[in-house]
Amino acid sequence: MDLFVLFKDHVQSVIDDLIKGDVLPQSVLVDVNFNAVNVEPPRDAAHGDLSTNAAMVLAKPAKMNPRALAEQISLKLAEIDIVKSAEVAGPGFINLRLEDSYWPQVIRDILADPVGFGQSDIGKDENGVSQKLNIEYVSANPTGPMHVGHCRGAVFGDALARLLEFAGFDVSREYYINDAGAQVDVLARSALLRYREALGEEIGEIPEGLYPGDYLVPLGETLKEIYGDALLSMEEDEWLPLVKQEAIEGMMGLIREDLAALNIHHDVFFSEKTLHEDQGAKIKAAIEFLREQGHIYRGRLDPPKGKLPEDWEDREQTLFRATDFGDDVDRALEKSDGSYTYFAADIAYHKDKYDRGFSHQIDVLGADHGGYIKRLKAALKAISAGDAELDVRICQLVKLLRDGTEVKMSKRAGTFVTLRDVVNEVGVDPVRFMMLMRKNDASLDFDFAKVTEQSKDNPVFYVQYGHARVHSIFRQAQEVMPGIDPASEKLKTASLNNLVDEGELGLMRRLAQYPRVIASAASAHEPHRIAFYLYELASELHSFWARGKVAPHLRIIQEDDWELTINRIALISAIGAILKSGLSILGVSAPQEMR
RNA sequence: GUCCCCGUAGCUCAGCUGGAUAGAGCACCAGAUUCCUAAUCUGGGGGCCAGAGGUUCGAAUCCUCUCGGGGACGCCA
């Protein structure tokens, strides 16, 4: 149960009452945007537990003084059982304070359903059925193992998928394999070289333009096992498809392993190549579909400003009228050799997703694809007649630092850092958490020294230690007070009396915010908000724990007071549950012990 | 030349889709543990929210322009 949603309903019904009582004019029902009315925790806790701006939003349309209106509303709100006081403050805020006896309810709610607490229904339709949502992320070219650059999008997409699932969506995780372009041809040629090497040939330096990486060596061996020396006697148009097929499978195997090392698993791997099969039947169909709607025409494009490509030729071509859907220019669908552009295939791909029932789509792309957003959105709008929505999230670059100096990466110089290197060196949890401590569209410094540091300076350990601390207290309690069992069902029926210290109340208030944090992070597609919330929750826990050092009556374990001890155990058990819940959304483990 | 992202404390960043006196961490200074893990906690100084206009009861947040950093700009993927 989300406290803030509950009170928004209360506020709404008070407004309805005031309209019925002719205090407010009927006209506000049409004049007021009720979405602007909100109930939220005040920034300053001294202002109370909940705050609403209702009077200020309503004042103007109702032609009333905001403070006078606030008085009227606050009187009604004060009648609610659990409301201790309702005060008007500032320009017309209504600050609510709840009875201290209310807060333990959040502990009961959490203990009753530790895994489900905070789940949201924003992903569900009016019948309570989860809506289908497709999130495409990673989609690295299958030409080699993943490097750190891919890492952020992978972690972000995965965490967002988990978050949206938690928020009620029926989520499908998808990987788009770019197995149709020229790059995979280069891959195949590079692989053939390794194949010849496996057959004993001296291949020398890898020629410019081919992939030099050692990771292709095993692929050469595999080709040798499958084909013997048969490929050597074939023409390129004969061996290329065979080698390409094998190479892509090999590279996708590497990539899947890399992703698995990060705890990332996709539901669907969609091959771009399948769109091009049968003379591009699927792409042709998508273009035909658009043509029927009048969104395709033959025309010329202006050459791009800034730098003119050397082989620029002005020609009439098949164009998608993207400008009708918010893009800056219309977009080409066919290359000069008659084959389809990458974008044309992508239109077919997004149409395919739409046809599979995904009206909610998210693409997670790298920073270098920023210029691609508008045309993708335009395409989905056109293909779904405005029915589907696409959000494109861009992940900015990660700057790798070692001892404070930037690690420059270059494929030529062979100094690029693979994802696997990073995971092996620092571990999955720190990598994931670090990537999620930043807003996705801000660039990110990733300092090896800091990420591996096991101290409070490292937010991962700080939050995980919060969870470990909860369990540490459990262990201690069972030792000194045999008979107390944190896992027991009895905890759920604890009296929860006497949890009246500011620290305890603060923790309960913080717990009550969890559903709200989930809902806002999910609807904004911003998983980093979870990370910050967890940090704050852990911080309050550590702080309360430390106060027990100087004020013994605040320690969780009170050997001479079983009831209080059990009540506090219930409190920290709820905290542990939320830390675990939030960490699992981020895909980070919640250890019970850290030594 | 056009479009997108960013600009908040010395540093790294939050700021809950427009709310009240702008917050954390690091760094710096001063403290805290006979007993629940010091991988912790308490207190302190530190700000023209890049700048200028505008929108309104109210702007770090929305709009316009300027400056600075990054990215993208027919058929690459």
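All chains are named by letter (A, B, ...) in the order of the sequence lines, taking the proteins before the strands, and each is independently numbered beginning at 1. Small disclaimer: the values here were computed from a predicted structure and weren't measured.
For the pair A/Arg67 CZ and B/G19 C1', the computed distance is 15 Å after rounding to whole Å. As a whole-Å value, the separation of A/Phe343 CZ from B/C73 C1' is 14 Å. Distance, A/Lys60 NZ to B/G19 C1': 16 Å, rounded to whole Å. For the pair A/His542 NE2 and B/G25 P, the computed distance is 12 Å after rounding to whole Å. One atom, CG of A/Asn65, and another, P of B/C57, lie 13 Å apart when rounded to the nearest Å. For the pair A/Leu400 CG and B/U12 C1', the interatomic distance rounds to 16 Å; values are reported in whole Å. Protein atom OH of A/Tyr342 is 10 Å distant from nucleotide atom P of B/C76, rounded to whole Å. Rounded to whole Å, atom C1' of B/A39 lies 14 Å from atom CG of A/Leu541.
Using a 4.0 Å heavy-atom criterion, one finds that A/Tyr462 contacts the sugar-phosphate atoms exclusively. Residue-level contact check: A/Asn95 touches the bases, meaning some heavy atom is under 4.0 Å from a base atom. Among the atoms of the strands shown, only primed sugar atoms or phosphate atoms (P, OP1, OP2) are found under 4.0 Å from some heavy atom of A/Ala332. As judged by a 4.0 angstrom heavy-atom cut-off over every strand, A/Asp441 is placed among residues touching the sugar-phosphate backbone only. Among the protein residues, A/Ala477 comes within range of no part of the nucleic acid, since none of its heavy atoms lies under 4.0 Å from any strand. Using a 4.0 Å heavy-atom cutoff across all strands shown, A/Ser472 reaches at least one base atom of the nucleic acid. Among the heavy atoms of the strands lying under 4.0 Å from A/Leu301 are primed sugar atoms or P, OP1, OP2 only; no base atom is included. Across all strands, A/Phe93 comes closer than 4.0 Å to base atoms (heavy-atom distances). Nucleic acid contact class of A/Ser336 (heavy atoms, under 4.0 Å, all strands): base. Here A/Ser443 lies in heavy-atom contact (under 4.0 Å) with sugar-phosphate atoms only.
Below 30°, between 30° and 60°, or above 60°: for A/Tyr342 and A/Tyr372 the angle between ring planes is between 30° and 60°, a tilted geometry. In this structure, A/Tyr340 and A/His276 have tilted ring planes: the angle between them lies in the 30° to 60° band. In this pair, A/His471 and A/His467 present their aromatic rings tilted. The plane angle is within the 30 to 60° band. Aromatic ring pairs are classed by plane angle as parallel below 30°, tilted from 30° to 60° and perpendicular above 60°; the pair A/His295 and A/Phe320 is perpendicular.
Taking every side-chain heavy atom of A/Lys549 into account, B/C36 is the closest of B/C36, B/U17, B/C13. Taking only side-chain atoms of A/Glu526, from C-beta outward, the nucleotide of B/A77, B/G15, B/C36 with the closest atom is B/G15. Among the nucleotides B/C36, B/C13, B/A32, the one closest to any side-chain atom of A/Ile556 is B/C36. Ranking B/G71, B/A24, B/G19 by closeness to the A/Tyr535 side chain, first place goes to B/A24. Distances were taken from every side-chain heavy atom of A/Arg516 (C-beta onward) to each of B/C16, B/A77, B/A39; the shortest belongs to B/C16. Among the nucleotides B/A39, B/A77, B/A14, the one closest to any side-chain atom of A/Arg595 is B/A39. Closest to the A/Arg438 side chain, of the nucleotides B/U42, B/C13, B/G19, is B/C13. Of the candidates B/A39, B/A77, B/C36, the closest approach to any side-chain atom of A/Met594 belongs to B/A39. Relative to the side chain of A/Arg529, the nucleotides B/C13, B/G71, B/C16 differ in distance, and B/C16 lies closest. Taking only side-chain atoms of A/Lys374, from C-beta outward, the nucleotide of B/C13, B/G19, B/C4 with the closest atom is B/C4.
The base of B/C36 does not come close enough to the side chain of A/Arg475 for any donor and acceptor atom to sit less than 3.5 Å apart. Judged by distance alone, with hydrogens and angles left aside, A/Arg555 brings a side-chain donor or acceptor within reach of the base of B/C35, the pair sitting under 3.5 Å.
With both pairing distances under 3.5 Å, B/C3 is matched to B/G71 as a Watson-Crick or G-U wobble pair. Nucleotide B/A24 forms a Watson-Crick or G-U wobble pair with B/U12, both donor-acceptor distances falling under 3.5 Å. Using Watson-Crick or G-U wobble geometry with both donor-acceptor distances under 3.5 Å, B/G58 finds no partner in any strand shown.
Salt bridge status for A/Glu272 with A/Lys282: absent, with no side-chain N to carboxylate O gap under 4.0 Å. In summary, A/Asp445 and A/Lys450 do not engage in a salt bridge, as defined by a charged side-chain N under 4.0 Å from a carboxylate O.
For B/U17, the glycosidic angle deviates from 0 by 90° or less, giving a syn base.
Closest non-hydrogen pair, A/Val57 versus A/Asn33, comes out as CG1-O, 4.3 Å.
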Side chain to side chain contact (heavy atoms under 4.5 Å, CB included) between A/Arg375 and A/Ile347, intermediate numbers included
CA-CA 9 Å; A/Arg375 85 188 71 164; A/Ile347 293 176; over 6 Å; no

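Two residues, A/Thr341 and A/Leu444, neighbour RNA chain B, and the one matched to the more 5' nucleotide by heavy-atom proximity is A/Leu444.
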